[in-house]
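For reference, the structure is listed below as structure tokens.
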Amino acid sequence: MGWRTILCGLQFLLCILKPAICSSANQFKGRLDGRVLELDESNFDSAISSFNYILVDFYAPWCGHCKRLSPQLDKAAPILAGLKDPIVIAKLDADRFTTLARKYEIDGYPTLKLFIHGVPVDYRGPRKPDLLVRYLKKFVAPDVSILGSDSTISDFVEAAGTEFPIYLGFGLNETVISHLAIKYKKRAWFSVAKDFSEDAMVLYDFDKVPALVVLHPSYNEQSIFYGPFEDEFLGDFIKQNLLPLVVPMNQETLGQLRFDDRKIVLTIMEDANEEKSQKLIKLLKAAASANRDLVFGYVGVKQWKEFADSFGANKNKKFPKLIIWNGDEEYFSVIGYESLDEEDQGSQISRFLEGYREGRTEKKMIEGASFKDYMMSTIGIGALVIVIFLVAMLMLIRSLSKDDDESRGVNTHRDIDHDDSSDDESSDTEHEARKKED
């Protein structure tokens with residue numbers, strides 16, 4: 001068969017398949033009607049390639065959390081579809097289409113992934129419709145927004161919401177922060193104000209330019225950076241201010257801490273909502289401002305007992321306690337400052353930090369779950385259930401196998417001793433009765 005014949009055959013085959021290929025590629029074209037798309041193995045790739053931004057809900061029909069999430073996505077879908085850069089919401093039965101579930105490493109339900117130009121990114125933000133919309137708008141926003149007046153600055157801050165820190169550059173060229181804005185796009189809002197009044201300077205509490213202001217709306221915090229605007233110093237400021245001065249420990253903030261390699265000064269309190277605890281948090285903020293090479297955090301036993309007990313809160317109940325945590329399985333207490341007295345706590349915090357830096361510490365191991373374990377508790381419940389199930393089945397199989405072997409051994413023993421004395425027969429009978437009872 002000549003190459004001309006082969007070529008003609010391929011052209012004929014392409015003519016036959018072309019309508020189907022085009023139909024698959026175009027079946028989602030123009031589908032921005034605000035409804036949640038139902039995906040399967042036949043149209044998944046087509047959907048991902050048809051939209052610049054598509055949020056996929058990998059669910060299981062029997063999952064209670066999935067059933068509660070579904071109406072939330074239905075409410076958010078038409079709002080997201082109406083954005084200037086639309087975001088489509090789709091769902092896939094990962095329990096049925098296991099090939100796709102394995103491909104995207106789905107180990108718990110529901111799992112949300114945002115596909116940005118075909119590249120999947122884990123979505124760990126809020127799931128209520130209004131908050132989900134605000135959170136996702138972050139992904140389609142410009143790397144650095146250019147603001148031209150006081151009103152556009154206010155509108156930008158309001159639209160950004162409270163889920164992310166907001167960086168506002170005054171008197172800065174956007175090229176100064178653009179590469180860092182791209183690096184931290186998923187974790188913060190970035191903007192540069194080209195024109196602003198003295199009222200804006202008063203409102204955001206800076207007195208000269210250039211200045212970079214960072215806002216943490218949910219914590220009512222603000223910090224200002226006046227330079228130098230070189231990569232090293234600017235990068236440190238942006239990275240250190242991605243978190244609030246003092247971090248309340250919960251599953252969400254633990255997820256944020258996995259990107260930070262600084263040691264954590266952890267304060268353990270009885271109840272983080274008590275008035276005396278709030279006063280202590282203010283003192284910790286002052287210490288955090290002066291020690292930006294460390295992350296400061298706190299947890300209340302009443303708010304998260306399991307986590308607090310990992311650091312011995314259930315053994316030594318003198319609170320508040322101070323420790324240095326490496327974010328994994330080790331933590332350090334400072335000798336002589338394991339806990340704080342009520343009087344002059346600010347000075348005690350200073351001496352605690354001094355003792356840590358001088359190496360007057362005692363290393364300990366956390367009890368129970370490590371940082372990785374706590375992270376897995378939010379993203380790997382499905383995998384954990386599967387592992388437990390497999391271990392249980394293995395133990396059951398081994399148990400049945402052992403019983404079968406013992407049963408064969410008893411029968412053999414009876415055959416050999418069949419002609420023995422009546423006493424032996426009686427003993428065998430008793431043994432068999434005990435075996436049946438077992």
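Inter-residue side-chain proximity for Phe164 and Trp189 is flagged as met; some heavy-atom pair is nearer than 4.5 Å. Between Leu242 and Val214, every side-chain heavy-atom pair lies at or beyond the 4.5 Å cut-off. Between Lys282 and Gln278, every side-chain heavy-atom pair lies at or beyond the 4.5 Å cut-off. You'll find the side chain of Leu114 reaches within 4.5 Å of the side chain of Ile116, heavy atoms only. Between Leu168 and Val157 there is a side-chain heavy-atom pair separated by less than 4.5 Å. By the 4.5 Å heavy-atom criterion applied to side chains, Ile238 and Tyr184 are counted as neighbours. Looking only at side-chain heavy atoms (C-beta outward), Phe332 and Lys364 stay at 4.5 Å or farther from each other. Under the 4.5 Å side-chain criterion, counting only non-hydrogen atoms from C-beta, Val121 is not in contact with Lys113.
Around atom NZ of Lys263, no more than 12 heavy atoms belonging to other residues, nucleotides or ligands sit under 6.0 Å away. For Asn273, the CG atom sits in a packed shell: over 12 heavy atoms of surrounding residues, nucleotides or ligands are nearer than 6.0 Å. Residue Glu330 qualifies as enclosed at atom CD: its count of foreign heavy atoms under 6.0 Å is above 12. At most 12 non-hydrogen atoms from other residues, nucleotides or ligands lie less than 6.0 angstrom from CD of Glu158. More than 12 heavy-atom neighbours from other residues, nucleotides or ligands sit within 6.0 angstrom of NE2 on His179.
The aromatic ring centroids of His117 and Tyr53 lie less than 6.0 Å from each other. Aromatic rings of Trp325 and Phe311 (six-membered ring for Trp) have centroids within the 6.0 Å cut-off, being under it. Under the 6.0 Å cut-off for aromatic ring centres, Phe139 and Tyr123 do not qualify, their centroids lying 6.0 Å or more apart.
The two atoms that bring Tyr167 and Ala188 nearest to each other are CE1-CB, 3.7 Å, heavy atoms only. Residue His65 comes nearest to Pro110 through the heavy atom pair CB-CD, 3.7 Å, listed as atom of the first residue, atom of the second, then distance. Across every non-hydrogen atom of Gly171 and Val209, the tightest pair is CA-CB, 4.4 Å. Between Leu172 and Ala211 the shortest heavy-atom distance is CD1-O, 4.0 Å. When all heavy atoms are compared, the tightest approach of Leu73 to Val36 is O-CG2, 3.9 Å. Minimum heavy-atom separation, Ile48 to Val56: CD1-CG2, 4.2 Å.
Across Phe233, Phe225, Tyr226, a single residue satisfies ring-ring contact (aromatic ring centres under 6.0 Å, His included) together with Phe229, and that is Phe225. Tested against Val246 for a side-chain contact (heavy atoms from CB on, under 4.5 Å), the candidates Thr267, Leu283, Val265, Leu284 yield a single pass: Leu284.
Side-chain contact annotation: Asp195 with Ser149, donor-acceptor N/O pair under 3.5 Å absent. For the residue pair Gln222/Asp205, the side-chain donor-acceptor check at 3.5 Å is not satisfied. In this structure, a donor-acceptor pair under 3.5 Å is present between the side chains of Ser347 and Asp344. When only modelled atom types and interatomic distance are considered, Asn250 and Thr253 share a side-chain donor-acceptor pair under 3.5 Å. Between the side chains of Asn291 and Arg357, a donor-acceptor pair is found at a separation under 3.5 Å. Of the N and O atoms on the side chains of Asn241 and His216, not one donor lies less than 3.5 Å from an acceptor on the other residue.
Under the 30°/60° scheme for interplanar angles, the aromatic rings of Phe170 and Tyr204 are found to be tilted. The aromatic rings of Phe58 and Phe115 are tilted relative to each other, their planes meeting at an angle between 30° and 60°.
Atoms CG and CG, from Leu294 and Leu266 in turn, are 12.5 Å apart once rounded to the nearest 0.5 Å. Once rounded to the nearest 0.5 Å, the distance linking CG of Leu322 with CG of Leu353 reads 8.0 Å. Going from atom CD1 of Ile366 over to atom CG of Asp328 covers 7.0 Å, rounded to the nearest 0.5 Å. To the nearest 0.5 Å, atoms CG (Leu69) and CG (Leu112) are separated by 5.5 Å. Taken to the nearest 0.5 Å, the CG atom of Asp45 stands 10.0 Å off from the OG atom of Ser50. A distance of 10.5 Å separates NZ of Lys302 from OG of Ser277, quoted to the nearest 0.5 Å.
The backbone N or O of Leu340 lies less than 3.5 Å from no partner atom in the side chain of Gln345, so there is not a single donor-acceptor pair. A donor-acceptor pair is defined here as one N or O able to donate and one able to accept, closer than 3.5 Å; no such pair exists between the side chain of Gln303 and the backbone of Asp271. At distances below 3.5 Å, not a single donor-acceptor pair connects side-chain atoms of Ser70 with backbone N or O atoms of Lys67. A distance-only check finds a donor-acceptor pair linking the side chain of Ser154 to the backbone of Asp150 [under 3.5 Å]. Side-chain atoms of Ser145 do not come within 3.5 Å of backbone N or O of Ala141 as any donor-acceptor pair. Between the side chain of Arg292 and the backbone N or O of Gln240 there is at least one donor-acceptor pair closer than 3.5 Å. A donor-acceptor pair is defined here as one N or O able to donate and one able to accept, closer than 3.5 Å; no such pair exists between the side chain of Glu270 and the backbone of Gly300. With hydrogens and angles disregarded, a donor-acceptor distance shorter than 3.5 Å links the side chain of Ser350 to the backbone of Gly346. Here the side chain of Asp40 pairs a donor or acceptor atom with the backbone of Asn43 at under 3.5 angstrom.
The residues Glu163 and Lys138 are annotated as not salt-bridged, no charged nitrogen and carboxylate oxygen being separated by less than 4.0 angstrom. For Glu367 and Lys315, the salt-bridge test passes: some basic side-chain N is under 4.0 Å from an acidic carboxylate O. Salt-bridge formation is not detected for the pair Asp293/Arg262: no Lys NZ or Arg NE/NH1/NH2 atom is positioned less than 4.0 Å from an Asp or Glu carboxylate oxygen. Using a cut-off of 4.0 Å between Lys/Arg side-chain N and Asp/Glu carboxylate O, Arg124 and Glu252 are scored as not salt-bridged.
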CA sep, side-chain torsions, deciding dist, call: Glu338, Lys318, salt bridge (Lys or Arg N to Asp or Glu O under 4.0 Å): CA-CA 9 Å; Glu338 290 82 2; Lys318 186 177 180 181; over 6 Å; no
Test Ile87 against Ile54 for side-chain contact (heavy atoms from CB on, under 4.5 Å), laying out the working first. CA-CA 5 Å; Ile87 302 174; Ile54 178 168; over 6 Å; no
Please walk me through it: do Phe196 and Met201 pass side-chain contact (heavy atoms from CB on, under 4.5 Å)? CA-CA 8 Å; Phe196 52 91; Met201 298 179 69; 4.0 Å; yes
Check the pair Asp57, Arg127 against salt bridge (Lys or Arg N to Asp or Glu O under 4.0 Å), reporting the backbone distance first and the verdict last. CA-CA 11 Å; Asp57 170 24; Arg127 300 184 177 186; over 6 Å; no
Side-chain donor-acceptor pairs of residues 89-104 under 3.5 Å, sequence neighbours excluded:
residue: Asp93; atom: OD1; partner: Asp95; partner atom: N; Å: 3.1
residue: Asp93; atom: OD1; partner: Arg96; partner atom: N; Å: 3.2
residue: Asp95; atom: OD2; partner: Trp62; partner atom: NE1; Å: 3.0

